[in-house]
Structures are given as C-alpha cells and as structure tokens.
Protein chains: 4
Amino acid sequence: MATERASTTAGGRPRDPRIGDAVLTATLELLETSPYDALAIEEVARRAETSRPAIYRRWPGRAHLVLAAIATRLAVPEPPDTGCTLCDLDEGFGVFLEAYRTIRPEILTALYAECAADPELRSRYAATVVDPARAAVGRTLERAVARGDLREETDRDLLLDLVGALVHHRAAFGEHHLTGAEAAGAIEMLLRGAAVDYDALLAHSEKVEHIGHPASHPGAPH
Amino acid sequence: MATERASTTAGGRPRDPRIGDAVLTATLELLETSPYDALAIEEVARRAETSRPAIYRRWPGRAHLVLAAIATRLAVPEPPDTGCTLCDLDEGFGVFLEAYRTIRPEILTALYAECAADPELRSRYAATVVDPARAAVGRTLERAVARGDLREETDRDLLLDLVGALVHHRAAFGEHHLTGAEAAGAIEMLLRGAAVDYDALLAHSEKVEHIGHPASHPGAPH
Amino acid sequence: MATERASTTAGGRPRDPRIGDAVLTATLELLETSPYDALAIEEVARRAETSRPAIYRRWPGRAHLVLAAIATRLAVPEPPDTGCTLCDLDEGFGVFLEAYRTIRPEILTALYAECAADPELRSRYAATVVDPARAAVGRTLERAVARGDLREETDRDLLLDLVGALVHHRAAFGEHHLTGAEAAGAIEMLLRGAAVDYDALLAHSEKVEHIGHPASHPGAPH
Amino acid sequence: MATERASTTAGGRPRDPRIGDAVLTATLELLETSPYDALAIEEVARRAETSRPAIYRRWPGRAHLVLAAIATRLAVPEPPDTGCTLCDLDEGFGVFLEAYRTIRPEILTALYAECAADPELRSRYAATVVDPARAAVGRTLERAVARGDLREETDRDLLLDLVGALVHHRAAFGEHHLTGAEAAGAIEMLLRGAAVDYDALLAHSEKVEHIGHPASHPGAPH
DNA sequence: TGCTAAGCGAGACGGTACGTCCCGTCTTAAT
DNA sequence: ATTAAGACGGGACGTACCGTCTCGCTTAGCA
C-alpha cells in the first residue's frame, strides 16, 4: 500500500487531510492528460491549491506521489473458486489485467523505471502494484495443485512471474493491453507447454551436453 | 539503428565528426554512474567539451541521444544451430539476457517509457533494442518447429513475449538478473507446461462454461 | 529600554526565565558573525535550544529581539564636567563613538531601517539607542552655553544632529570609524566655523537676494 | 552609476532591453507601496512579466536591483555660480536635498544597511547616491575658498562629510527631510561656528590638558 | 583565386521547475 | 491558564537545466 509519509511524532499541528486528498486528485487529473515526466509538482500544487512544501512533506518526490495516486485506483478482486482450474486461471489473469486497465501503461513504465534508483520506491511499488495480484493468483494456483490439476513440482513463483511479467510487459510496453484471447493463449502455453514431447527433448539435450556443454542446464530436472 | 540526424542540405560547413563521437562517449560514461533521468544534456555537453546546440543539432532530445549511445553497445549474436532445440533455446535465452547485461536495465525501461510520447523514438527503439534479440530467438523457434520439436500451432509471438517479458521483468524489477538455472526452469515450464493433463482441464472448463459462462474463453482452442 | 514582552495575565504556567536569557545570548553571538538580515529566528531558537514560538511569545519579531539583545550592551557614560568646554565636547564625541564601537554599525543601520514600518520599534529604538547619547551630550552643550562658551542662540538640536550624523555616517558607511583627530577637527569646524567673516557673507547674500531671490533664506538670522 | 551587470563576453544572444526597463519600472512601482524588505524579487518578476532568473542575470541581488532602480531617479544638477558664497551653498544644500527627496528615506537606509556586507554594493552606492552631490557641493566650496570667503586651511572633506552626513541622516533616519530653514541654520552653524570665541576655548583647553589630560586632542590645531 | 551563402561552433538568453529555508501560526501535552 | 515544543501551511529563495536565438567563423561551391 502506498500512502503519504507519516509525521515524525504525534505532537504538533495535525495535517489538513483535505490537502492530501486534493493533491492525489490533482495528480490523477494531470496524469490523464500529461505524460508522466511532464508532471510537475509545481503544477500539482497549483491545481490542488496548496504549496510545494505541503506535498514534499507527504511524499519524498514525484514517483512516490504518483504511486500513491494510482494506488487509490488499484483494487484487486479475489478470484473466485469455481472448481474449474482453467476458469479460475482465466479469472486470475483478469485480476492482473484489471490492475493495469485503470492506469495508463506509460505511467507504470515510468514509475517502474524510477524504481531502479530507489529501493524504498521499489518495495512500495511491489507492495502496491505487483503483490496483491500475485498473491490472489497464487492462491488460485495452490488450489489447482491441491486439486491435482497442476504437477506438484510446479515452480509456482516462476509461473507467477511468467504471468505477471507478461501482463506487466504488455500493459507497460505493448501497443495495447493483453486481450482475453491472448490471455487464454498464454494460459494454454503455460499449462500445456509448447513442446510436442518435452522428455524427448531433454533426453536429446543431455546426450548433446555430455559431449559439448557438460556444465549447463544445472537446474534441469532428470 | 539509431544514429545522428543528418544535415539539412549538402552545402555549408561540414560537421565536426569528433563532436558526435565525443558526445556518445560522454553519454555512455555518464550513464554508468547517474540514473537516466539525472542525465543532463548540459552535463553531456560539458564532458564532451562542446555545447548544447551541437547536440540538439544531431539528436532531437535526450532519449534519442541515449538510444544512439547504447546502440553502439548492443550487439545481438546469432544463436547457433546446434541441432538440439533445448540447447538452442538455452542460447536464445542467453541472447536476451546478454542484451540486458551490457546496458543498465533501468535505462532501457526509462527509454521505453519515453517512447509512449514519441512514435519516432518508439520505432527506433524497436528496431534497435527489441527486434534483433526477438528475431534471433524467433529464428531458433522456427527451426524448432521445422524440426518438429514444437507443436506447429504454437504462437511464436506469444512465446517470445513470455520469454522477453520474464527476462525484462527480472532485469528491471527483480533483485537480480535471471540466472541460468532460472532460465532453464522457465524453458521447461514453457515447453512442458504446468498441467498434468491440459486436455482434460480444457474439456472440464468447456462443460462448466456451457452452463455458466458461455461468452468467455473467446479465443480458446478446441 | 527594550526588554521582552510581558505575559498577558498573571495566571498559568510561569515563563522559564532561562529561555529569554539564552535567546538574547544566542542572538548576540550570531550577530557577531552573520549580517543582520541573515539572522534567522529559527537559527536563534536552535542555538538557544528552544523553539520559535517561545521567542515570538517574548518579542514581536526579529527587530525587537535584536534591539533587546543589543540593549544589554549599550551603556552611555555621563560625560564629565571638566570645566573645559572643548574637553567636554571631546568626551561627548567619545560618547557617540562608544555607542557604535560595541555594536556593529550595520546592525544599527538595519535596525533603524525597520523602524520606518513600525512606530513601536521606532520609539524603542530612540529610547534605547539614540536618546541616551543625545541627552548626555545635550547636557554638555547646556553647560557650555551656561558657561558662555557657546552663543546663546545656538540651535542645540542642530548641533547634536550634525555631530550624531557625522559619527553615524562614518561608522556605518565610512571605511573606518571616526578617529580622535578627525573628531577634534569636526569640533573645531563646528565651533569656529569655516567662514573668514560670516557676517560679511550674510550681508552680501542679502543684497544679492534683494535683487534676485527675495524669498529664500527664510530662516537666516538677521 | 548603478546599472545592470554586463554580459561576460560579446557573444551569444543579446539581452532583451525591454526586460531590464520593465524590471526597473516594476521595482520602483512596488517600492512606492511596500517597505523595502517586503520587496520580493518574485513579485518584481511577476509585475514585469518576466522571470526571476532574468533579473538575477542582470543584478546580483535585491539591493543592487533597488540601487539601479533609484539611480534612474537621482539626478544631481550642477549648483550655479552666483558669485555669492552663501547663495551658492544654499543651492548646494538644495542639491543634496533634492537627491533624497525623490526617494523614500527608509529605502536608502535599508540599502545603506546592506552596504556593510557587500563592498561592491558599497562602492556602487557611493558612486550613485553619495558622490555626485558631494562633488557638486565640493566645487562650490572650491570657489568659495578661491574667492577668499572660507579660510584656506578649511578641511573641505570634513565639511562635505558634515553636510552630507546631516542630509543623509535626516533623509534616512529623520521624521522628515531637512527643510530649507534647517539647511540655512546648518550652513550658518558650519560657517560661523557655534563658539563665541574658539581661540579662547582652545587656549583654555590646552592649559587644562597640560595638567590633567596630556595625551588627548592629538590632532588639535595649534 | 576571390566571393557568397550556408551550416557549424559556442555563448547567452528567456523561462520552468526544482528542492529548501524560513516564516508565522496552530495544536497538543505539560506545568 | 499559560507555557513549551513540534509540525503545519505557505511565500520566496537562488539555481540547474531546458530549448532557442544570435553571433562570428569556417567551409564548399561558383564566378
């Protein structure tokens, strides 16, 4: 969850709660029309009819402010337990997608770019944008494994990464968000696999590697 | 390919070729230490011992300049045809990884973020950064299909997206780059699939949907 | 006399007397190194290890605070009655000079500049800084007149202004404070006059004015 | 003369002359209503419809700006040579007075206060405000000496300081500017002297000092 | 070979936005 | 009831950098 920075102690004049709200609203309004890096704190302050220091007192900088603003729009629904794994996953994908449909992708991308330089921001971003959807779909995967629909040795984290990365990638970088059809395709790919006969490929690879690349595929199953 | 903007006409004083080179070098040097959006054209000009207009004459702005600078470092090797699909894919993954290892991921992310507002930049970015790696791995996939190792109906674009997104995601957002082991795990997941019996899941889901959710799974295969 | 503002009523928590002292001390210390208008109340509070409101409770603003602070340093000695008018005046000059030797002149100047906007401050300033020295020298002049050394019609206020202005001017604007020799020269000039024969000049001027400028010299003696 | 700071070299885009003028005008307008230290560069920029950096490019700070602004209002006419020393001095005093009548005294005072911390400002202030009037009256004194109306050994600098200090003091610190009558009184005081018999005072003082204060009056004339 | 026009280099300009300092005030807890 | 102290809302600061304009110089092509 990304929210405004707390005061140091309990003492002192309390913050005017209307200012924080007005700032978040102004931020969202401005983000609707201007590209992320044209979003000036000064402009936000002007529109929210307050001052720059009042904003800096609440958030350390633009990225944190924007994250807090879009956090008010992100709401991850719990995917239902329909008893049908494929349907559940479909819904789960939807959970990821929904999280990104309300926010302009380039904003996420730019935010994301700033995460590299600010660990604090990175963890807030993860906690706000990434984790909720991840956790919701994670529970769906647990059920699927329990139901015996997924192989037990499935690396659930990896699977979540693949799904999350795809959605994020498309949302942030693609021409358009992932469609339902593409999502279904991805689910199929991830569940069925692309190989005609994976075990045969593995066997072949091991034979080849015996000859030329003995040290690779360290984590390959046997 | 991203290079500097050409002169308007042929006449007049010729450009000093050393300036363009010095600027690109200075840009790369500065990018090694400062985060992307702290890269000031002014600073580049200072370090290259030239002036800002000389830079603006060659590139329309910071993003184009940075793209041109990193383009000099990006070189996507053609993944070899070993005859072993798994090995090829391994190498292909490495191609993606390599593309991100020479350039700080956040730079790519930030660059791409700016693409949203500038179609010209977007196509240069695609041509310079995305397409070569994608095409190289794409060719590997073609061979795999031709060899009969992948199902023919495999959506190669989707597969590429899944791979690329994962690598990019981990590079830009993860604690560390994807390791070889993780890459191998992902390859396995993508080739073998997570489902115990995908066709059974599909059949079940269609039965369920017949009853409750007739309109979903529009693109589901049958 | 400039001192701290009194409490509204008698009831309530008593003021901590150490705070007022510490603030005045801190103010004087800071004035030793920083120019007047770089003196921040905030800084004073920091150095006195208290808070800004505690200062504002005692003085209405910076100027009043500074006046109170320097008032603790200003002490005007009564010039002695030596029986020798010239010697007395010499001492009197010294009284003016002394007032400026303990306080950096620019502080007085800046303080006075603020008086323009604050009548309360102005009267405090007069009572604290100006009047004591003026009164002391004024008494010396009275004695000189009584003794018959100065002409009775001498405008004592004007004479005091001339002396005070010269000292102030040199202290605040000159390269160095007035020296004793310069002071003696000024005394001579003021007592003896610069004219060879003032009455002749006056007669001449009246003749001229009769012809050309009848209305001027309204206050000229006859 | 106080004017705007010159560009470093001849190269580069030339300054828009209208900006400098507009800024000076805006400064003078604002000084008409607001006290000196409430004059915000920001406000000047707003009123002149330009930006703060454009002002800082021309003047190093508020004091220099204000000095330049009031310099446009200060014009010292050459006092005429009427052949009558007293009349000339009267006019000369008028020159001083006039120079200060157009400017609010508190502004001069405040400016003057800032001179203490800035030698560059101090010399500009002297050159702009003090010297012209001083030089004009200085020439009048020269003529008076040449005419034999003033004693030859008169310390002209001291006399000018006395006059200038008085006018400046009254202009800057007094309730009102010096009036013509007061000026005439001052002229009389300075020319005729306040003493009934200065030489007698001197003789007396020397006798006293022989006994009690041998080291004082170091520069006393003999 | 000299002239002309165009493009280049560099510097300074006008202006936006930054992040911070400090102001004067309000609020709570303590005395 | 009034203090002490912390934090707040806000005005203004001086600066970094942006993107552009202007200049003088360099060069290529034409006479």
Rounded to whole angstroms, how far apart are [atom1] on [X] and [atom2] on [N]?
X	N	atom1	atom2	value
D/W59	E/dC13	CH2	C1'	15 Å
D/I55	E/dC13	CD1	C1'	15 Å
C/L65	E/dG24	CG	P	12 Å
B/R5	E/dC8	CZ	P	10 Å
C/I19	F/dG6	CD1	C1'	14 Å
D/R15	E/dA12	CZ	C1'	9 Å
B/H64	F/dC18	NE2	P	15 Å
D/R62	F/dC13	CZ	P	8 Å

Item checked: Residue met sooner reading DNA chain E from 5', once C/P60 and D/P17 are mapped to nucleotides -> D/P17
Note to self: My understanding is that only residues two or more places apart in sequence, or in another chain, count here; which of them pass salt bridge (Lys or Arg N to Asp or Glu O under 4.0 Å) with A/R5?
What the structure shows: none
Notebook entry, point to check: How would you list, by chain and number, every residue that makes a salt bridge (Lys or Arg N to Asp or Glu O under 4.0 Å) with C/R52, sequence neighbours excluded?
Noted result: C/E42
Next item on the list: State which residues pass side-chain contact (heavy atoms from CB on, under 4.5 Å) with A/A22; sequence neighbours excluded, sorted by chain then number.
Entry: A/A48
Checklist line | D/Y56 or B/Y56, whichever maps to the more 5' nucleotide of DNA chain F | finding: D/Y56
Checklist line | Residue whose closest nucleotide on DNA chain F lies nearer the 5' end, D/G61 versus A/R57 | finding: A/R57
Next item on the list: Using a cut-off of 6.0 Å, state whether more than 12 heavy atoms not belonging to C/R46 lie near its atom CZ.
Entry: yes
Item checked: Set of side-chain hydrogen bond (donor to acceptor under 3.5 Å, both in side chains) partners for D/E29, sequence neighbours left out -> D/R47
Margin query: Restricting to side-chain hydrogen bond (donor to acceptor under 3.5 Å, both in side chains), what partner residues turn up for B/R104, sequence neighbours left out?
Written below: B/E106
Show me, pair by pair, the donor-acceptor contacts under 3.5 angstrom made by side chains of residues 31-40 of chain D, not counting sequence neighbours?
{"residue": "D/T33", "atom": "OG1", "partner": "D/L30", "partner atom": "O", "Å": "3.2"}
{"residue": "D/S34", "atom": "OG", "partner": "D/L30", "partner atom": "O", "Å": "2.8"}
{"residue": "D/Y36", "atom": "OH", "partner": "D/E114", "partner atom": "OE2", "Å": "2.6"}

Note to self: For residues 16-26 of chain C, which residue pairs pass the side chain to side chain donor-acceptor pair (under 3.5 Å) check, not counting sequence neighbours?
What the structure shows: C/D16-C/R18
Checklist line | Strand-adjacent residues in residues 20-54 of chain C, judged by heavy atoms under 4.0 Å from DNA chain E | finding: C/A40, C/I41, C/E42, C/R46, C/R52, C/P53
Next item on the list: To the nearest 0.5 angstrom, please state how far the CG atom of D/L24 sits from the CD1 atom of D/I70.
Entry: 11.0 Å
Margin query: So A/R58, base contact, sugar-phosphate only, or nothing? Heavy-atom distance under 4.0 Å.
Written below: sugar-phosphate
Polar pairs (N or O, both sides) under 3.5 Å between protein and nucleotides 24-27 of chain F?
{"residue": "F/dT26", "atom": "O4'", "partner": "B/R13", "partner atom": "NH1", "Å": "3.4"}

